[in-house]
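Worksheet: one structure, shown below.
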Amino acid sequence: SSSKLLIKGGTVVNAHQQEIADVYVEDGVIVAVKPNIKVGDDVTLLDATGKYIMPGGIDPHTHLAMEFMGTETIDDFFSGQAAALAGGTTMHIDFVIPVNGSLVAGFEAYERKAKKSCMDYGFHMAITKWDESVSREMEIMVNEKGINSFKFFMAYKGSLMINDELLLQGLKRCKSLGALAMVHAENGDAVFEGQKRMIELGITGPEGHALSRPAVLEGEATARAIRLARFVNTPLYVVHVMSIDAMEEIAKARKSGQKVIGEPVVSGLVLDDSGLWDPDFITAAKYVMSPPIRESGHDKALQAALSTGVLQLVGTDHCVFNSTQKAFGIDDFRKIPNGVNGIEERMHLVWDTMVESGQISVTDYVRITSTECARIFNLYPRKGAILAGSDADIIIFNPNSSFEIRASSHHSRTDTNVFDGRKGKGKVEVTIAGGRVVWQDDELKVVPGSGKYIEMPPFSYLFNGIDKADAKYLSSLQAPVGRFNSAS
Ligand code: URP
Ligand code: ZN
Ligand code: ZN
Ligand code: ZN
């Protein structure tokens with residue numbers, strides 16, 4: 001189709017600069033970004049005077065149509081993406097779960113789930129066991145299927161969890177393929193023990209979930225994963241950083257020059273656990289996610305880390321279950337399906353929490369919600385930028401308007417919202433995905449099947465300077481001789 005759009009009079013914001021310019025789009029691609037573009041009358045005009053024109057959000061961490069904890073997330077690739085578009089996110093990267101241990105079968109299952117997509121998407125792959133066939137299939141994923149990242153679960157003992165031996169094998173394989181290793185960093189053995197203790201104490205409600213997996217276990221696993229990645233000399237991406245404990249390990253590693261990426265999620269940035277564990281089961285169970293929402297203080301520290309660059313981008317871990325599904329754990333918190341919403345709320349909440357509060361600039365906002373994700377997963381500048389040649393995934397954002405989050409009016413299929421009642425400054429007024437206006441005047445115009453699968457090539461910038469001279473590298477890890485000799 002021949003769709004032509006001109007966005008006039010706004011301030012175009014990229015991660016590297018902002019400028020007053022018009023943006024001209026043809027057939028899903030940005031053709032020109034400059035002041036005073038003149039066009040014919042077959043072009044749809046959008047007035048952005050007084051508003052920001054920014055790259056659509058890219059959510060690096062979602063779970064749509066995922067089978068998990070005996071059920072399936074209630075948002076699929078259509079409903080979850082529609083919600084995303086209503087909130088200014090135009091691409092997400094979802095986690096493929098292998099089927100019967102096969103990565104290829106898992107990939108094919110997710111290809112089918114994603115057929116109804118209404119926005120662009122990419123895939124990470126979860127690695128939940130290790131053998132020769134997994135190792136072989138990882139190469140197929142990277143070289144033939146467009147996947148450049150693999151997630152290892154250090155928690156969920158008995159289902160997804162892998163041990164250190166497997167994690168090491170996985171890290172080595174990622175390095176050789178130029179793929180990014182991601183970790184869910186909680187000590188799963190200790191969590192298992194913590195859960196048993198809670199049940200023995202008779203604490204079976206949702207608060208038992210948080211008490212059984214304290215921040216110290218997130219810090220421990222984060223430190224361990226970072227050190228193993230250092231031993232292997234490969235970059236590491238820590239997903240859903242929820243605590244000061246984990247964040248400080250990332251800060252320390254980055255300071256020493258190690259390539260570690262930390263991804264906080266919106267729930268961890270804006271929620272704390274005060275008043276969370278309501279006696280009403282469903283009211284409390286909706287907040288159950290892993291790692292859990294922490295005590296007050298972690299949220300502010302994660303925001304500060306984001307503003308200083310210790311953490312680099314914001315995800316959601318959107319993984320929603322309705323009240324009926326959450327009720328599977330009414331007698332035992334261990335059976336509450338883990339996960340919260342965020343795919344629709346991320347752009348607004350990050351704006352309000354980080355920009356409106358004065359913690360970061362508008363260009364930083366674009367970097368942490370879009371551009372850095374595109375760079376890490378090797379999509380830049382096709383995604384994450386308003387540049388001639390980039391995909392036309394664009395939002396028009398009004399900083400003088402306001403948003404309000406309501407479970408009753410959100411676009412996700414779930415019946416609860418962990419951010420219910422939150423209001424703030426700023427509003428995504430228009431979302432353009434693949435050159436189509438899909439959100440305008442609070443109305444969605446989404447088309448199932450219009451979203452494209454975006455292949456992500458290996459060896460992103462994180463691999464620059466990482467060579468394969470392991471022997472030389474390992475010798476550089478030895479402690480300097482005489483380090484402790486000065487003590488008398
Ligand atoms: O509670 C969560 N985070 N559910 C989704 C699965 C995961 O660990 O990311
Ligand atoms: Zn056309
Ligand atoms: Zn996880
Ligand atoms: Zn997740």
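Since this is a predicted model, take the numbers as computed values, not measurements. Only heavy atoms go into these numbers, but all of them, side chains included; no hydrogens, no water, no symmetry mates. Just follow the structure's listing: the first ligand is 1, and inside any ligand the first atom is 1. We number each residue from 1, following the sequence as shown.
Surrounding CZ of F192 are at most 12 heavy atoms belonging to other residues, nucleotides or ligands under 6.0 Å away.
Every atom of ligand 1 with a heavy atom of H184 under 4.0 Å away is listed here by number and element: 8 (O). Every atom of ligand 1 with a heavy atom of K151 under 4.0 Å away is listed here by number and element: 7 (C), 8 (O), 9 (O).
The aromatic rings of F123 and Y121 sit tilted, their planes meeting at an angle between 30° and 60°. The aromatic rings of W351 and F397 lie tilted to each other, with the angle between the two planes from 30° to 60°.
Closest to atom 3 (N) of ligand 1, if we only count protein heavy atoms, is D317 OD2, 2.5 Å. Counting protein heavy atoms only, atom 4 (N) of ligand 1 is closest to N338 O, 3.2 Å. For atom 1 (O) of ligand 1, the nearest protein heavy atom (residue, atom name, distance) is S290 N, 2.8 Å.
Rounding to 10 degrees gives 110° for the angle at the Zn ion (ligand 4) between NE2 of H61 and NE2 of H63. With the Zn ion (ligand 3) as the vertex, atom NE2 of H240 and atom ND1 of H184 span an angle of 90° (nearest 10 degrees).
Ring to ring, Y287 and H209 are not that close: their centroids are 6.0 angstrom or more apart. Between F231 and Y473, the gap from one ring centroid to the other reaches at least 6.0 Å.
When all heavy atoms are compared, the tightest approach of V239 to K151 is CG2-CE, 3.8 Å. Contact record, V142 with F150: CG2-CE1, 3.6 Å, taken as the closest heavy-atom pair.
Note on P291: not counted as a metal contact of the Zn ion (ligand 3), no N/O/S atom lying under 2.8 Å.
With a 4.0 Å cut-off on non-hydrogen atoms, M289 touches ligand 1 through its backbone as well as its side chain.
Looking at D317, its N, O or S atom nearest to the Zn ion (ligand 4) turns out to be OD1.
At a threshold of 4.0 Å, the pair K115-D76 does not count as salt-bridged, since none of the basic side-chain nitrogens sits closer than that to a carboxylate oxygen.
Heavy atoms of Y156 come nearer than 4.0 angstrom to ligand 1 in at least one pair.
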